[in-house]
Amino acid sequence: MPVVEETKHLEVDAPLPPLKKGLVRLYSNRFCVFSQRTRLVLAAKSANYEIINIHLKKKPTWYASKNPNGTTPCLEKDEDIVWDSTITCEYGNDIFAENPLWPTDPLAKAKDRMLIDFFNSKIFPNFMKLTFYPVEGKEEFYQQEYEKNVGKLQENLVERGTTFFGGSQPGMVDYMMWPWFERWVLLDDIFPKDNFPTILTWRKNMIAAPAVKEAAIPDDIHLEYFKNFKQNIFQYDY
Ligand SMILES: N[C@@H](CCC(=O)N[C@@H](CS)C(=O)NCC(=O)O)C(=O)O
């Protein structure tokens, strides 16, 4: 089992668990989409690592010395530490040799990066506005924007003609987008999924991928977390 150990979500007074030499450590939060990106990458690399979960509303006092931004994820190896999901994913891909997640062709890699950039600016912010951070009176606007851009994403996959955006197996490009698609259950009442058959098929194939299974949170737990979040209850251990 690649995740050697996983803590509960540590709070303000929790002591810093001692580092184990040579063992990579991920500071994470189970419901953090950005942390999940890193879990997916590490799972895809069959990496051995441990997870220290952080309670984001009652962070342990020592966490500021790990990441001055105070955000999850962070990846630490023998006291060298990096943060921000784009960078933790790159670093994880680089330090574990197995199963490189970027295409070797420079142009193909550049195209994947452009797609991730499109996703980061046009898709996930609209998803967040439709779910965790709604803006009153703008629901229709964000819904249209989300649908329009998922449509463009679908066109991209049709053009690629592959099972995954990364080819016959999921690549970095798939893992960087997946956490927001795992959470599609939160859009059940408002999003016409059937209008996006190629994305639905991609989603089905992603769910069956080993790294996705390893980092997965079941739909009922997503719904439970979301219900609590809406009531300002920040519960992370289920
Ligand atoms: N750009 C960062 C965003 C990380 C982020 O915002 N993480 C959230 C949890 S999903 C967080 O740590 N929030 C707590 C805080 O900002 O204090 C990344 O890609 O890692």
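Small disclaimer: the values here were computed from a predicted structure and weren't measured. Each ligand, and each atom within it, is numbered from 1 in the order the structure gives.
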Using residues 78-86 as the side-chain source, report each donor-acceptor pair under 3.5 Å to any protein atom, sequence neighbours left out, with the distance given to one decimal.
residue: Asp78; atom: OD1; partner: Gly22; partner atom: N; Å: 2.7
residue: Asp84; atom: OD1; partner: Thr86; partner atom: N; Å: 3.4
residue: Ser85; atom: OG; partner: Arg37; partner atom: NH1; Å: 3.0

Lys138 charged N/C atom sitting above Phe141 aromatic ring, 6.0 Å / 45°: yes
Asn29 touching ligand 1 at heavy-atom level, < 4.0 angstrom: no
Check: Leu10 and Pro17 side chains under 4.5 Å, non-hydrogen atoms: yes
Interfacing atoms of ligand 1 (cut-off 4.0 Å, heavy-atom, Leu56): 9 (C), 12 (O), 14 (C)
Option nearest atom 2 (C) of ligand 1 (shortest heavy-atom distance, choices Asn67, Thr88, Ile87, Asp84): Asp84
Pro73: numbered ligand 1 atoms lying under 4.0 Å from its heavy atoms: 20 (O)
Row check, Trp178 ring normal vs Arg203 NZ/CZ: under 6.0 Å, within 45°: no
More than 12 heavy atoms of other groups within 6.0 Å of Lys193 NZ: yes
Residue and atom name of the nearest protein heavy atom (relative to atom 10 (S) of ligand 1), distance in Å to one decimal: Cys32 SG, 2.7 Å
Closest protein heavy atom (residue, atom, distance) for atom 15 (C) of ligand 1: Lys59 NZ, 3.5 Å
Tyr133 and Phe229 aromatic centres sub-6.0 Å: yes
Within reach of ligand 1, part of Thr71 (heavy-atom separation under 4.0 Å): both
Nearest-contact summary for atom 18 (C) of ligand 1 - protein heavy atom, Å: Ser85 N, 3.2 Å
Geometric N/O contact Thr72 with ligand 1, under 3.5 angstrom: yes
Salt-bridge present (Lys45, Glu98; N to O < 4.0 Å): no
